Amino acid sequence: MNQQEVMSKVLSILEPFCNTADGITGAKMETTILGDLKVNSARLVDVVLEFEEVFDIEISDEDADNVRTVGDAVNLIIAAKS
Amino acid sequence: MDARPRSERFIGNDVVDLGEPAALTALGRPRLIARVCCEQERARIAEAPTEEAALRLFWSHFAAKEAAYKAVSKREGPTVFAHRRFVVDAGLSLVSYGAHRLSLSLRQAAHAVHAVADLGPGGPPPHAEVVARDPADAPSTAARRALLATVAAAEGLDPADLEVFRPPLAGSWDGHGPPVLLLRGRERPDQLSLSHDGRYVAYAWLPCPGLAG
């Protein structure tokens, strides 16, 4: 999968967790998950589990803790799949 | 900066709306339970007498860990949040994280659980409350309003003179640090914690010793 494909899937995973009026519209690699997309921090475990399930990877707690932006998630997933 | 003594205690709180769809389906998601709970905790949840009790027990553990994480992060700075490393005891009165031991207060309401974790030498319990949120209110605004109303009432202050502020903090999840209380623009050393989930907002507040309005 290329970066754009991964990003598209990442955003589709994040969309139901967003609490903004525009959802994921306009989200970029630099978009922050908690700040810009207003994902409730209590749902981050669910987000990580979705990443693992959809991409068939395992994400350590340390790696999960470093995912602050959409781009962090995309890069983590690409690295895990390579 | 206020010259009065800073708190040696660090508190965190977390509320879980048990009516949220994500909450109701937790028991059918073993990967979620395995990610959040260590082996002993999973065993206790599996042994709960009813499905409802198991669901409430799981979310009590979750809220306890979130609350404890907030308290530890205030003491230690940005901390990796690995839920399984925050271990809740069988009596639901203590959370252990490394060498830290946090006292835990869990409140069970009909549709919510609320956890307050307290790291430090002990003392009077923090003020804490869960409030049903007006759906028209943004969650963080509602949580702050509930907290500030309590502070104002307790200390005879005008709520308009109080503010919750989250200073920038590099390395934190959203670029901001824990909330601090401002009185007429000056930071007070009180301990606060805010939380929101679904229909509810919650707070915990520990006035710093020696403060009087």
Side-chain angles (χ1 to χ4, degrees), chain A residues 9-24 26-77 79-80, chain B residues 12-17 20-23 25-26 29-38 58-59 61-67 69-70 73 78-86 112-113 115 138-140 143 166 168-176 178 193-198 200-202:
Chain A
K9 273 197 171 182
V10 164
L11 290 176
S12 69
I13 290 168
L14 289 170
E15 183 165 30
F17 298 99
C18 288
N19 289 299
T20 60
D22 296 333
I24 56 167
K28 307 171 204 172
M29 293 283 276
E30 315 82 68
T31 299
T32 59
I33 294 172
L34 286 190
D36 296 327
L37 297 181
K38 299 202 184 315
V39 172
N40 189 328
S41 58
R43 297 279 88 86
L44 289 174
V45 176
D46 296 305
V47 170
V48 170
L49 290 172
E50 282 293 302
F51 288 158
E52 289 186 324
E53 184 146 336
V54 169
F55 292 101
D56 192 26
I57 58 175
E58 283 193 24
I59 300 174
S60 70
D61 292 320
E62 286 76 11
D63 283 344
D65 209 62
N66 286 325
V67 173
R68 311 294 168 87
T69 67
V70 171
D72 291 338
V74 169
N75 293 333
L76 174 67
I77 291 162
Chain B
N13 93 131
D14 190 67
V15 64
V16 175
D17 182 345
E20 284 282 279
T25 60
R29 300 163 62 205
R31 291 177 58 243
L32 171 65
I33 298 177
R35 185 129 195 154
V36 169
C37 296
C38 66
F58 169 72
W59 287 113
H61 279 78
F62 184 93
K65 291 162 188 265
E66 294 269 333
Y69 167 74
K70 290 178 182 178
S73 296
T79 300
V80 172
F81 192 8
H83 288 76
R84 287 188 303 267
R85 297 182 197 167
F86 290 81
V113 294
S140 61
R166 292 187 63 209
L169 179 63
S172 70
W173 247 97
D174 62 356
H176 297 280
S193 177
L194 300 166
S195 177
H196 58 82
D197 187 39
Y200 300 104
V201 299

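Here is how names work: the chains are called A, B, and so on, in the same order as the sequence lines, proteins then strands, and each is numbered from 1. In this text the structure is predicted, and so the values were computed from the model without any measurement.
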**Prompt:** Which heavy atom in A/V45 sits nearest to a heavy atom in B/V36, and how many Å separate them?
**Reply:**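 The pair with the smallest heavy-atom distance is CG1-CG2, 4.1 Å.
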Quick one: donor-acceptor pairs between chain A and chain B, under 3.5 Å, side chains and backbone, table format.
residue : atom : partner : partner atom : Å
A/N40   : ND2  : B/H196  : O            : 3.1
A/R43   : NH1  : B/D197  : OD1          : 3.2
A/D46   : OD1  : B/R29   : NH1          : 3.3
A/D46   : OD1  : B/R29   : NH2          : 2.3
A/L49   : O    : B/R31   : NH2          : 3.3
A/E52   : OE1  : B/R31   : NH2          : 2.9
A/E52   : OE2  : B/R35   : NH1          : 2.9
A/E53   : OE1  : B/R31   : NH1          : 2.7
A/I59   : O    : B/R35   : NH1          : 3.0
A/I59   : O    : B/R35   : NH2          : 2.8
A/D61   : OD1  : B/R35   : NH2          : 3.3
A/E62   : OE2  : B/R85   : NH1          : 3.2
A/E62   : OE2  : B/R85   : NH2          : 2.4
A/D65   : OD1  : B/F81   : N            : 3.1
A/D65   : OD1  : B/W173  : NE1          : 3.4
A/R68   : NH1  : B/G171  : O            : 3.0
A/R68   : NH1  : B/S172  : O            : 2.7
A/R68   : NH2  : B/G171  : O            : 3.4

**Pick from A/A64, A/A42, A/G35 with the largest number of heavy-atom pairs that fall under 4.5 Å of chain B** =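 Among the listed options, the one with the most contacts to chain B is A/A42.
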